Amino acid sequence: MQSLSIQFVDLEAQQRRIRERLNSAIAEALDQGAYIMGPQVARFESNLAAFCGAKHAITCANGTDALQLALMALQVRQVDAIFVPSFTFAATAEAVRLAGATPVFVDSDMDSFNMDPLSLERSINRARACGLNPRAVIPVDLFGMPADMESLEAISAHERMELICDSAQGFGGTINGRMTGTFGRITTTSFFPAKPLGCYGDGGALFTADDGLAHLLRSLRVHGKGIDKYENIRVGMNSRLDTIQAAILLIKLEIYEEEINARNEVASRYNERLSNVVEIPAISPGYRSVWAQYTIKLLDGDERHLVQCRLKQSGVPTAIYYPTPLHLQPAYSDALTDPAGLPNAEELSTRVLSLPIHAYLDKGIQHYIVDATIDAVASARHR
Ligand SMILES: *Cc1c(COP(=O)(O)O)cnc(C)c1O
């Protein structure tokens, strides 16, 4: 066996590449002394909007706040049903409760891992029958692939619901060339370090084409400010991206497109060699994923456990996103769900396994990971 140390997410390799530029950008921010809302924040917002083609980009403190700010801007209330997937990170549903609205859990598609539009329709009927007002849907671009925006935009328009896209994992993904950040009323993202575009702390952003909403979001992120923060015209939050993180992100955004392409090359190599071994992640035609995760499906939980242990012995770190769907979590087990239940979310949580993927994964290590995976699956199946 080779002696190598494989990282699940390798932030060091990227840092080595841009370290000098980071050092001078951080030094510049220190020299300037404008730690909050310094000029780098506005510059980053303008570059970020240009990158994805959104009219407005508004940064904030993290991806969870971004979702909460979006819901606050839309003035959601408790009677409002907000439809979210169950098979996602907790923040998607958490923001709904933080904003004082009612989450309703929708099932996911087995192949795309994303919100199933048919389950959404059943869930809307259920919410209405329970006296709730279907108000918004928050699809997630899970593992980096955009959600089925065509179907979800159609359903939202038909039901007069708002479409808020949680692209914390999917920023930079595209559908027929159109980038996340330009779908729905508002898109949110996160710059948590391990996300595809991450900073060195917490950070987040919102995107919208609506001038009024953009203005409102800029007020909400600074205590509901009016002309300045000492005029408070509504209840807001304290949710700003700090200047140093904006300075870092300005540099990281410059190499992001290249990194997305590198991630896609790794995914293609994995796909080629793993497609007849396990169920590989399906990318819908015309879609580009940013590969926040490369997630395979094993036959069942027992096989996954054996494969994961065996890979660990070979020095290949893996992760399970997500071991428990949200409707089965204590904090959310009282929430409404699709009346047909959420069988796919439950099954996915027992079968998924994410392999290491990032833009700086050496080709030899990619093959080592694939070899180890093929080996681990074979040994699990011949037990
Ligand atoms: C990471 C993540 C968030 C939250 O982002 P933070 O910046 O950690 O608050 C929200 N939704 C999804 C789907 C995420 O993966």
Side-chain angles (χ1 to χ4, degrees), residues 8-9 11 44 48 57-72 82-99 103 105-106 108-109 112-115 136-149 152 163-173 180-181 183-184 186-207 221 237-242 245-246 248-249 252 263 281 289-295 319-327 329 331-332 345 348-349 352 354 357-358:
F8 189 71
V9 175
L11 297 173
F44 175 60
L48 195 62
I58 301 105
T59 54
C60 65
N62 57 69
T64 310
D65 279 8
L67 286 164
Q68 190 181 340
L69 286 163
L71 291 163
M72 286 169 81
I82 315 289
F83 301 90
V84 296
S86 178
F87 189 61
T88 177
F89 181 61
T92 317
E94 186 177 42
V96 175
R97 287 238 159 115
L98 285 170
F105 288 113
V106 178
S108 296
D109 180 80
S112 69
F113 304 116
N114 281 333
M115 184 181 276
V137 52
I138 313 183
V140 174
D141 300 334
L142 205 71
F143 306 147
M145 186 175 81
D148 179 356
M149 289 306 166
L152 297 171
L163 178 59
I164 304 170
C165 308
D166 179 352
S167 201
Q169 303 180 12
F171 181 69
T180 59
F183 298 97
I186 302 178
T187 296
T188 65
T189 195
S190 163
F191 305 121
F192 180 83
K195 307 283 179 181
L197 179 62
C199 57
Y200 295 129
D202 279 308
L206 301 105
F207 304 88
R221 73 172 167 183
M237 291 174 72
N238 171 17
S239 186
R240 296 165 301 218
L241 180 72
D242 28 282
Q245 300 305 338
I248 290 162
L249 283 162
K252 290 203 181 193
R263 285 171 178 272
S289 176
V290 293
W291 298 102
Q293 305 297 340
Y294 184 92
T295 303
I320 296 172
Y321 300 117
Y322 294 92
T324 308
L326 296 181
H327 70 285
Q329 294 279 7
Y332 303 101
L348 286 169
S349 67
V352 290
S354 299
I357 190 164
H358 55 78

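Computation of the quantities below employed the complete heavy-atom set of this structure, encompassing side-chain atoms and omitting hydrogens, waters and symmetry-equivalent molecules. Note that ligands are numbered from 1 as they come in the structure, with each ligand's atoms numbered from 1 the same way. Here the structure is a predicted model, which is why all the values come from computation and not from measurement.
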K.L.:
Would you say ligand 1 has an N or O under 3.5 Å from any N or O of Thr88?
P.N.:
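There is no such contact.
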
K.L.:
Given Ser289 and Phe143, is the side chain to side chain contact (heavy atoms under 4.5 Å, CB included) satisfied, shown in steps?
P.N.:
CA-CA 8 Å; Ser289 176; Phe143 306 147; over 6 Å; no

K.L.:
Heavy-atom pairs closer than 4.0 Å: do any link ligand 1 to the side chain of Asn62, the backbone, both, or neither?
P.N.:
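The answer is both, backbone and side chain.
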
K.L.:
Where the side chain of Thr88 meets the backbone of Val84, is there a donor-acceptor pair that is under 3.5 Å apart?
P.N.:
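It does not hold such a pair.
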
K.L.:
Test of understanding: given a 4.0 Å heavy-atom threshold, classify the contact between Thr64 and ligand 1 as side chain, backbone, both, or neither.
P.N.:
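Thr64 to ligand 1: contacts from backbone and side chain alike.
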
K.L.:
Might you work through the ring pair (Phe, Tyr, Trp, His ring centres under 6.0 Å) test for Phe171 and Phe191, ending with a clear yes or no?
P.N.:
CA-CA 10 Å; Phe171 181 69; Phe191 305 121; 7.2 Å; no

K.L.:
Mind checking whether Phe192 has an N or O less than 3.5 Å away from an N or O of ligand 1?
P.N.:
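No, since none of the N or O atoms of Phe192 sits under 3.5 Å from an N or O of ligand 1.
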
K.L.:
For atom 11 (N) of ligand 1, find the nearest protein heavy atom and state the residue, atom name and distance (0.1 Å precision).
P.N.:
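Looking at atom 11 (N) of ligand 1, the protein heavy atom closest to it is Asp166 OD2, 2.8 Å.
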
K.L.:
Tell me if the centroids of the rings in Phe87 and Phe105 come within less than 6.0 Å of each other.
P.N.:
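Judged by ring-centre distance (under 6.0 Å), Phe87 and Phe105 do not meet the cut-off.
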
K.L.:
Is it the case that ligand 1 has an N or O less than 3.5 angstrom from some N or O of Gln169?
P.N.:
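Looking only at distances, the answer is yes, because the N/O contact criterion of under 3.5 Å is met.
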
K.L.:
Hey, does Asp202 come in under 3.5 Å of ligand 1, counting only N/O atoms on both sides?
P.N.:
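There is no such contact.
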
K.L.:
Is the side chain of Asp141 donor-acceptor paired with the backbone N or O of Ala147 at a distance under 3.5 Å, no angle test?
P.N.:
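Yes, because the side chain of Asp141 sits within donor-acceptor range (under 3.5 Å) of the backbone of Ala147.
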
